Amino acid sequence: MLAFILRRLVQAMIVMITVALIAFMLFQYVGDPVTFLLGQDVTPEESRALRAALGLDQPFVVQFWHFLANAAQGEFGFSLRQGVKVSTLIAERFPATIELALVAALLALVIGVPMGVYAALRRGSFLSQVFMTISLLGVSLPTFLIGILLILVFAVQLGWFPSFGRGEVVSIGGWTTGLLTAKGWHHITLPAVTLAIFQLTLIMRLVRAEMLEVLRTDYIKFARARGLTDRAVHFGHALKNTLVPVITITGLQLGGLIAFAIITETVFQWPGMGLLFIQAVNFADIPVMAAYLCLIALIFVVINLSVDLLYFVVDPRLRVDRAGGH
Amino acid sequence: MIAALRHWLDSDIGYSFRSSPTALVAALIALVCGIAALFAPWVAPHNPFDLVTLELANARLPPAWYAEGSKTFLLGTDDQGRDILSAVIYGARISLAVGLASVVLSVVVGVTLGLLAGYLGGWIDAFLMRLCDVMLSFPAILVALLIAGVGRAMFSNAHETLAFGVLILSITLTGWVQYARTVRGSTLVERNKEYVQAARVTGVSSLRIMRRHVLPNVLGPVLVLATIHVATAIITEATLSFLGVGAPPTSPSLGTLIRIGNDYLFSGEWWITIFPGVMLVLIALSVNLLGDWLRDALNPRLR
């Protein structure tokens, strides 16, 4: 077991170092910081002095080491476009993305699970087939088109919901939240629905498949034979057993939500990290790009690592296999 | 050509094709879109890139069935007076080209690496499979976006061809993994079969065994994957272009057109963005349905 965890840790470290190397290369090869700071017409002595002051004359490995040390402290320098510290920029945008992702995940669970249960219990009924068709459409429609369609219908034509920004936000100890104001909820509706649709179809299909699987097992037959009500069999026995994989997948998908938030945030001009990254790309704002790269890699590595460890806790078979086998 | 088609329609797969209405409709839509895109200069009513014919007086006209619409511009015009129908046809051409190129490259890279990993084993296999694990733990669209973004930042003022190169590369680098895994799996099975052992005993070189003996036997699942991948690749391309890191505005793909039209959504000019979107969904949906049908048709257990 220890060997497995160690191997995963090493793998995670390699991923992080690779991403950090890419981010570092960005700094190295996109634009010369010295020309950027001093302008075109400087004497060679001046530029050499600045080079030495910034540590740019040191060997590659030493520079990379300094970069790693700074990155580990969340220090990526200043944004080229806004002149603000990158860490401050990211800290400002972080809550917006997390709130959007969490509301979307909740929405997907609250709507997706009942839809999946219904589609499994009433297989072949008209409504189930409608659900399955909707889910096929949800998979084929790209996220940004869903967003545009929602804006067209609910913001432009009907005027029910606003189509950009976070509305009114309240600050609690540095964390800005839009979830405490009516305006904030009003603003988060369309982006959250857009982000939730893909996850919703995924969860619905998963719950349906798992339910159908569980309903075939012996203990369900036995529960029926004992004369339990349909309600008790379906919700007390069947649903409970389908929820474990559903929760695992939802947890894993949280990273996916943060990634897909880039698209949703761009469509709705939602001031989160994704929008920050896209703007940074279009203006070649390297420090912001580098910081986002490292942060998103870290989020994914942490999520994957915790899921791996969770499997260990949940599934004892895994422990025996690894210990006895290799 | 026609004889070959008739022969194919008489085969098992051809029969399953004839008797599936979904597959027929999907194939028809895909064929119409494909032909329109391939012969865009002859099919499109206008040349949207010919600056001489553009007139600002024609800008932002609604589709022909509106009172203010004009019969010459069936689906309306955009802010520069370009015909939307023509722009969509030319856009589909670029989207399809990028999508197909990425899929072909992914297949070549993925199948080659999968064959090597499965047949040779050892550290090559271990290394490639770890790499696949890592790639699969990130969503493909995110990796493609990061690569395209980094590429854009590195060559910000570069030539148009380079922009397309980065775009295709970013989709390829995320797409090869599924092929490598599948082919490795089937190669592991094939490697121990008697015909491979016989070839090895008669002194055929490893490379030749892989190419002439194993490869034809592992290509079945690759075909299904590749069909569905075409739809995914086109959607990925559209998403990247919509976010501004894909096809350049000088040769707009469907995603770029949607991005341009998005700015006019609030002034009520929905047609600039909706028609390219409809085209994108039509292509993606029909290719997806074809892929689903192919998977079922090639799977003997479902017959």
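All heavy atoms count here, side chains included; hydrogens, waters and symmetry mates do not. In what follows, every chain begins at residue 1, and chains take the letters A, B, ... in the order their sequences are listed. What you see is a predicted model, and the numbers here were worked out from it, not measured in a lab.
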What residue, out of B:Ala238, B:Gly255, B:Gly261, has the most heavy-atom pairs lying under 4.5 Å from chain A? B:Ala238
Aromatic rings A:Phe277 and A:Tyr292: how do their planes relate, parallel, tilted or perpendicular, breaks at 30° and 60°? parallel
From the list B:Val166, B:Leu173, B:Leu167, B:Ile171, side-chain contact (heavy atoms from CB on, under 4.5 Å) with B:Leu169 holds only for B:Leu173
Do B:Ser102 and B:Glu237 have side-chain atoms, one donor and one acceptor, less than 3.5 Å apart? no
In short, B:Leu188 meets B:Gly118 closest at the heavy-atom pair CD2-O, 3.5 Å
If I measure from the heavy atoms of chain A, does B:Ala148 come under 4.5 Å with its side chain, its backbone, both, or neither? neither
If you tally heavy-atom pairs under 4.5 Å against chain A, which of B:Asp133, B:Asn262, B:Val245, B:Thr239 wins? B:Thr239
Considering only heavy atoms, which portion of A:Ile278 lies under 4.5 Å from any heavy atom of chain B: side chain, backbone, both, or neither? side chain
By a 4.5 Å heavy-atom criterion (distance strictly below it), what part of A:Leu149 contacts chain B: side chain, backbone, both, or neither? side chain
Could you check which of B:Leu280, B:Leu243, B:Leu285 has the highest count of heavy-atom pairs closer than 4.5 Å to chain A? B:Leu243
In terms of ring plane angle, is the pair A:Phe154 and A:Trp160 parallel, tilted or perpendicular, where the classes change at 30° and 60°? tilted
Within the 4.5 Å heavy-atom criterion, are B:Asp292 and B:Ile228 side-chain neighbours or not? yes
Engaged part of A:Leu293 at the chain B interface, taking heavy atoms whose separation is under 4.5 Å: side chain
